[in-house]
Amino acid sequence: MTASDFDGMISLIYDASLNPEGWEPFLSAFHLKLHAYLTVIVFRHRPLGSLVLLTRAEEEGDQAFRQSYARVETANPIDYEGMETGRIYSLQEFLPNGDLWASRFFTDHLQPAGKSHLELVAIGPAEGFRAHFLWVRDDAMGPLDADERAWMQRLIPHLERGMAIFGQSKLLRLASGISTEALDQLAFGAIALDKDGRVLFCNRVAEALIAKSEDLSQQKGRLIFRRREHAQTMRQLSLSIDPDAQEKEVVLRLRNGDEMLGMLARSITPLALDKSFTTARVIIYLHALTHEVRPSAALLSKLFGLAPSEAALAILLSEGTTLREAAEQLGITENSARTYSKRIFVKTGVRRQADLVRLILSSVAMLGL
């Protein structure tokens, strides 16, 4: 392989690390370079699950090869968890005394198809985000020769760095998605602005609140404050970029149709090495002050083992409703409501209605709106 060919392969690795669908071009080039019949990448991460990508040379007998694998899959001897990162393994290394003929995976699957040479390498730590690169070659090709192994060893450090970037970006996307969902569930709007008021991020709750607001709008990708005093205040906040200064914040009340919006805006001090205009300078949180947020009765039942009728009463009590008023709303007698409330206090471990309010408002039941 020429230097330019190798550089092209490296480029594909780093393209793949930043693109969720980008590993297919690399895998195809990798497959051709190894003259493989089958090439597989398996990405594994305990919270995220697994992702399998493969390339196979379609040829006569391919269907039989797939079927034989299904029959012997449970006999696969490879210890994926025990593999050292960066080391090239052959199938023999996972068998007692390296005896291929003692393995059904070999005798009933690889050998009858003339695909006897299986090798693989693990990339990444044993815990966390990890990948396994596996290739199968025809008997005529044999295992990797010395030049191919040297080429693979040169590639491994780049695969390790590419995988580290890929794993980190996947986890960041996961964390971002979780944070956005939590804000949505709690009916909070979230907006990130650059120093010129350009919107870098806006969740769906914020979009809905802006659409209704008399004091806010979006024009050509910018967040516009219609009141002059608000616009001046936000402009000053976005320009608060003294790296030695503490984060500054502004609280505003905005008109939103028949209701009012509460807004908390905080300045973000950019890193000394990152002064680009796209850097977020202000984070804004919006919430309708008259918005009623009620916990999920289903989650409340699961959390504390409450019956549906008890969960419904607990929600009303947590909103400050008296026992008599709650009984009327639920269509039960006050005595029944009193009996339910005693059960609720026992199951939740509280003694007073005020404690029940604090317990429910701080529980994850508030996320199941």
Side-chain angles (χ1 to χ4, degrees), residues 47 49 174-191 201-218 251-265 283-369:
L174 175 65
S176 175
I178 291 172
S179 300
T180 301
E181 182 181 1
L183 287 170
D184 288 347
Q185 290 279 30
L186 291 171
F188 273 89
I191 309 167
F201 168 81
C202 184
N203 72 343
R204 62 178 180 84
V205 174
E207 289 177 348
L209 293 175
I210 292 170
K212 292 175 57 181
S213 176
E214 300 170 30
D215 292 333
L216 293 174
S217 66
Q218 284 196 72
V251 176
L252 299 175
R253 287 170 62 90
L254 308 174
R255 293 169 297 182
N256 195 54
D258 296 332
E259 61 186 4
M260 297 296 292
L261 289 181
M263 189 192 89
L264 170 64
I283 298 293
I284 295 173
Y285 300 99
L286 295 171
H287 187 61
L289 299 179
T290 55
H291 184 80
E292 293 187 5
V293 179
R294 305 192 85 186
S296 160
L299 285 183
L300 208 59
S301 296
K302 292 178 181 178
L303 278 173
F304 302 109
L306 302 178
S309 54
E310 295 168 351
L313 177 60
I315 290 172
L316 291 174
L317 294 178
S318 73
E319 294 172 344
T321 307
T322 66
L323 206 61
R324 178 176 297 177
E325 292 169 339
E328 291 177 358
Q329 290 189 42
L330 295 175
I332 59 177
T333 66
E334 190 172 347
N335 283 338
S336 294
R338 186 171 290 106
T339 300
Y340 292 166
S341 69
K342 291 178 181 178
R343 294 176 188 165
I344 292 168
F345 290 160
V346 169
K347 291 179 179 180
T348 58
V350 301
R351 296 183 178 180
R352 300 179 304 162
Q353 186 170 345
D355 295 331
L356 181 66
V357 172
R358 282 193 290 271
L359 179 66
I360 291 177
L361 291 180
S362 64
S363 76
V364 296
M366 297 301 296
L367 296 177
L369 310 180

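Minimum heavy-atom separation, A327 to A337: CB-CB, 3.9 Å. The minimum heavy-atom distance linking A311 with L300 is given by the pair O-CD2, 4.0 Å. Annotation for S341 and L323: closest pair CB-CD1, 4.1 Å, computed over non-hydrogen atoms. Contact between A312 and L330 at its shortest, heavy atoms only, is CB-CD2, 3.9 Å. Nearest heavy atom pair, residue G189 against residue V205, reads N-CG1, 3.7 Å. Nearest heavy atoms, L316 versus Q329: CD2-OE1, 3.5 Å.
Within the model, atoms CZ of R255 and CE of M260 stand 8.0 Å from one another, a figure rounded to the nearest 0.5 Å. Residue I284 holds its CD1 atom at 7.5 Å from CG of L216, rounded to the nearest 0.5 Å. In this structure, CG in L313 is found 9.0 Å from OG1 in T321, a value given to the nearest 0.5 Å. Interatomic distance, I210 CD1 to C202 SG, rounded to the nearest 0.5 Å: 4.5 Å.
One N or O on the side chain of N203 and one on the backbone of F188 form a donor-acceptor pair closer than 3.5 Å. With hydrogens and angles ignored, the 3.5 Å screen pairs no side-chain donor or acceptor of K347 with any backbone N or O of F304. A donor-acceptor distance shorter than 3.5 angstrom exists from the side chain of S318 to the backbone of I315, with no hydrogens or angles considered. The backbone N or O of L254 lies less than 3.5 Å from no partner atom in the side chain of D215, so there is not a single donor-acceptor pair. When atom types are taken as modelled, the side chain of Q353 and the backbone of L317 share a donor-acceptor pair closer than 3.5 angstrom.
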Could you give me the CA-CA distance, side-chain angles and deciding distance for L286 and S213, then say whether side chain to side chain contact (heavy atoms under 4.5 Å, CB included) is met?
CA-CA 11 Å; L286 295 171; S213 176; over 6 Å; no
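Partners of R343 under the side-chain contact (heavy atoms from CB on, under 4.5 Å) rule, at least two apart in sequence or in another chain, are E310, T339, Y340. With sequence neighbours excluded, no residue forms a side-chain hydrogen bond (donor to acceptor under 3.5 Å, both in side chains) with R351. In this structure E325 satisfies the side-chain hydrogen bond (donor to acceptor under 3.5 Å, both in side chains) test together with T322, sequence neighbours excluded.
Within a 6.0 Å radius of CZ in F345, other residues, nucleotides and ligands contribute more than 12 heavy atoms.
Using a 4.0 Å cut-off between a side-chain N of Lys or Arg and a carboxylate O of Asp or Glu, E328 and R324 do not qualify as a salt bridge.
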